[in-house]
Amino acid sequence: MKYSKYFDLEELVPQALFNQFRDRSAQFLDHRAGELLDKIRELAGEPIRINDWHTGGIFSQSGFRMPDTLVGGKLSQHKFGRGFDLKISLTHNIKTYEEFRKLIKDNFQELNKLGLTTIEMATPTWLHIDLRFTGLDYLYEVPYR
């Protein structure tokens, strides 16, 4: 079920939520998410994976997370529909996740207009982004724990 130009709704929510709410699962996501994720995908020039449970993959907690999940923190931005863990295939375009972070930093002004406020530093096999309110005019970088 299409959510945005490049992302299906199933990629952004866990299976149990999608099975219960189907296309109404979008109500649990920040309304700015689709446009922001699409822009990051275009900047990367590579497909981005978030959840892949719907295609037989192992990821189901990289977008919205149910409030009772034990994955992540109690007040994680994922539980408000504002946090996403982006995974890409490292290629000649983007060789490391540090390069992926640099791409986000270099384009922050444009991405901030679409809601991006925060990234997580030094995550080894994904890039966490979120749309939390920070009140800052610069990219807020939080440590990976």
Are D52 and H54 close enough that a side-chain donor and a side-chain acceptor fall under 3.5 Å? no

Please step through side chain to side chain contact (heavy atoms under 4.5 Å, CB included) for the pair T117 and N112, ending with a clear verdict. CA-CA 6 Å; T117 61; N112 181 244; 4.2 Å; yes

Taking atom types as modelled, is there a side-chain donor on E46 or T91 under 3.5 Å from an acceptor on the other? yes

What I'd like to find out is whether the side chain of S60 reaches to under 4.5 Å of the side chain of Q15, using heavy atoms alone. no

Rounded to the nearest 0.5 Å, the CZ atom of F64 sits from the OG1 atom of T69 at a distance of 10.0 Å

Residue from L36, D38, L12 passing side chain to side chain contact (heavy atoms under 4.5 Å, CB included) with S4: D38

K39/E110 salt bridge by N-O under 4.0 Å criterion: yes

Single-linkage hydrophobic cluster F84~V71, side-chain heavy atoms < 4.5 angstrom: no

Distance, nearest 0.5 Å, that separates OG1 of T125 from CD1 of I88: 11.0 Å

Using a distance-only test with no angle check, is there a side-chain donor-acceptor pair under 3.5 angstrom linking E11 and N51? no

Pair Y3-E10, side-chain donor/acceptor within less than 3.5 Å: no

Scanning both residues in full, the closest heavy-atom pair of L131 with A33 reads CD2-N, 4.4 Å

Do L29 and L9 have side chains that approach each other closer than 4.5 Å (heavy atoms only, starting at C-beta)? yes

Taking Q61's backbone N and O only, do any of them form a donor-acceptor pair with R65's side chain (distance below 3.5 Å, no angle check)? yes

To the nearest 0.5 Å, atom CG of L43 lies from atom CD1 of I104 at 7.0 Å

Give the intermediate values and the outcome of side chain to side chain contact (heavy atoms under 4.5 Å, CB included) for residues H78 and H128. CA-CA 10 Å; H78 290 272; H128 170 89; 3.3 Å; yes

Nearest 0.5 Å please: distance from the CZ atom of R82 over to the CG atom of D130. 8.0 Å

First locate atom CD1 of I94, then atom CG of L90, and finally report the distance between them rounded to the nearest 0.5 Å. 8.0 Å

With a 4.5 Å cut-off on side-chain heavy-atom distances among I, L, V, M, F, W and Y, is there a chain of contacts connecting L127 to Y140? no

Is it the case that K87 places NZ or CZ above or below the six-membered ring of F59, under 6.0 angstrom from the centre and within 45 degrees of the axis? yes

Are F18 and M66 joined in one hydrophobic group, where the rule is that I, L, V, M, F, W and Y side chains link up if heavy atoms are under 4.5 Å apart? yes

Fit a plane to each ring of Y144 and W126, take the angle between them on a 0 to 90° scale, and name the class: parallel (under 30°), tilted (30 to 60°) or perpendicular (over 60°). perpendicular

Set of residues satisfying side-chain hydrogen bond (donor to acceptor under 3.5 Å, both in side chains) with respect to N107, sequence neighbours excluded: none

Should the pair F28 and F21 be assigned to parallel (<30°), tilted (30 to 60°) or perpendicular (>60°) ring geometry? perpendicular

State plainly whether the residues E99 and K102 are in salt-bridge range, i.e. N to O under 4.0 Å. no

With a 4.0 Å cut-off, would you call K5 and E35 a salt bridge? no

Sub-4.5 Å side-chain heavy-atom contact between L37 and I50: yes

Side chains of R101 and T123: do they bring a donor and an acceptor to under 3.5 Å? yes

Consider only side-chain heavy atoms of I, L, V, M, F, W and Y, link residues closer than 4.5 Å, and tell whether I119 and F80 are in one cluster. no

Kindly work out whether a path of hydrophobic side-chain contacts (I/L/V/M/F/W/Y, heavy atoms less than 4.5 Å apart) joins L136 to V142. yes

Decide if atom NZ of K2 counts as having more than 12 heavy atoms of other residues, nucleotides or ligands within a radius under 6.0 Å. yes

Rounded at 0.5 Å granularity, tell me how far OH in Y6 sits from CD1 in I48. 10.0 Å

